[in-house]
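Written below as structure tokens is the structure these notes are about.
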Amino acid sequence: SSAFVRSPLERGGMLWWPAAAIVSGVLVEARAFTTTPNLPEELQASPSIETSRFIEDHVVDLVVGSGLTSLGLAFAAVFVAGLVRAASTGAPQSLAGPLLTLGGAMMLASTFIGYAFNLMLAGAAEEDRAPTTVASMYTIADSLGYIGWPPIGLVTAGVALASLRDRVFPRWLGWVSAVATGIFALLAFLPFLSWAPALL
């Protein structure tokens, strides 16, 4: 009877959320097989019909790449939920749970919105919207997509805390997370470089 009381997430034991992390990583890394359009600076500064044509030539890559990333982020949400549950259950009074929740929510929200803007960007180019609109949407998508990665530092800080102080996770994971937190703290000032350690 206790099996019916436990949530579906708990019934999978400790395997469901690490598996979600692996699936998330595979999906996000698979995006590397699509071409990410890098709008030339002159087409951003002075939007013209060439701006729209440039994006229109990359519509398929935008749609496929953003779709893969969005699916990856959905699985990442499952992984973060597992981290939060494990930390909150193992150390209810610790700050680890709130740190994981805050960092995960910030990362998922801003990154998902950023890549969702890529889909809107593709639609704007195909619908022959004004070049200024296309250029503006490109800038928004590009910024949000990258800015979403630094908050992972809050997630790694929560894992480090839960590991080294609360003993919820293995100590080796705590030290790895502590180093990652330091890296993300530095990259908070350079968000456009933060995607590299984020993927790791």
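Index from 1, following the sequence. Side chains are part of it too, since the values below use all heavy atoms of this structure and drop only hydrogens, waters and symmetry mates.
How far CD1 of Ile152 is from CE of Met106: 11.5 Å, rounded to the nearest 0.5 Å. To the nearest 0.5 Å, atom CG of residue Leu121 and atom NE2 of residue His58 are 11.5 Å apart. Taking CD1 of Ile183 as the start and CG of Leu193 as the end, the distance is 12.5 Å to the nearest 0.5 Å. Distance check: Leu164 CG to Ser177 OG gives 8.0 Å after rounding to the nearest 0.5 Å. Atom CZ of Arg31 and atom CG of Asp61 lie 9.0 Å apart (nearest 0.5 Å). Residue Ser163 holds its OG atom at 9.0 Å from CH2 of Trp172, rounded to the nearest 0.5 Å.
Side-chain atoms of Tyr115 never come within 3.5 Å of backbone atoms of Gly67 as a donor-acceptor pair (strictly under, hydrogens ignored). In terms of modelled atom types and a separation under 3.5 Å, the side chain of Ser24 and the main chain of Ala20 share no donor-acceptor contact. Remark: side-chain polar atoms of Thr139 are paired, donor with acceptor, to backbone N or O of Ala135 under 3.5 angstrom. Between the side chain of Thr89 and the main chain of Ala86, no donor-acceptor pair closer than 3.5 Å is present.
Here the shortest heavy-atom pairing between Leu62 and Pro37 reads CD2-CG, 3.7 Å. Ala96 and Gly158 get closest at one heavy-atom pair: CB-O, 3.5 Å. In terms of heavy-atom proximity, Gly174 sits nearest to Ala160 at O-CB, 3.6 Å. Of all the heavy atoms in Thr181 and Ala157, the pair that sits closest is OG1-N, 3.1 Å. Across all non-hydrogen atoms, the minimal contact from Gly72 to Val28 is CA-CG2, 4.0 Å. Here the shortest heavy-atom pairing between Ser48 and Leu43 reads OG-CD2, 4.2 Å.
Ion pair Arg53/Glu56 not flagged as a salt bridge, since none of the NZ, NE, NH1 or NH2 atoms sits closer than 4.0 Å to an Asp/Glu carboxylate oxygen.
Taken together through direct or relayed side-chain contacts under 4.5 Å among Ile, Leu, Val, Met, Phe, Trp and Tyr, Val80 and Val176 form part of one hydrophobic cluster. Linking Ile, Leu, Val, Met, Phe, Trp and Tyr whenever their side-chain heavy atoms come within less than 4.5 Å puts Val168 and Leu100 in one cluster. There is no path of hydrophobic side-chain contacts, each under 4.5 Å, that joins Leu73 to Leu27. Each of Val64 and Leu119 belongs to its own hydrophobic cluster when Ile, Leu, Val, Met, Phe, Trp and Tyr are linked at side-chain heavy-atom distances under 4.5 angstrom. Linking ILVMFWY residues whenever their side-chain heavy atoms come closer than 4.5 Å, directly or via other members, places Ile55 and Met137 in the same cluster.
Using a 4.5 Å heavy-atom cutoff, the side chains of Leu99 and Val155 are not in contact. Taking 4.5 Å as the limit, every side-chain heavy atom of Ile22 sits out of range of all side-chain heavy atoms of Phe75. Using a 4.5 Å heavy-atom threshold, the side chains of Ser52 and Arg129 count as separate. Between Pro47 and Val134 there is no side-chain heavy-atom pair separated by less than 4.5 Å.
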- Task: Go through the steps to decide whether Tyr138 and Asn38 satisfy the test side-chain contact (heavy atoms from CB on, under 4.5 Å), and finish with yes or no.
- Result: CA-CA 9 Å; Tyr138 175 89; Asn38 187 13; 3.5 Å; yes
- Task: Check step by step if side-chain contact (heavy atoms from CB on, under 4.5 Å) holds for Thr51 and Gln44.
- Result: CA-CA 7 Å; Thr51 303; Gln44 293 184 59; over 6 Å; no
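Enclosure of atom CZ in Phe184 by more than 12 non-hydrogen atoms of other residues, nucleotides or ligands within 6.0 angstrom is indicated. Within 6.0 Å of atom CZ in Phe112, 12 or fewer heavy atoms from other residues, nucleotides or ligands are found, so the atom counts as exposed in its surroundings.
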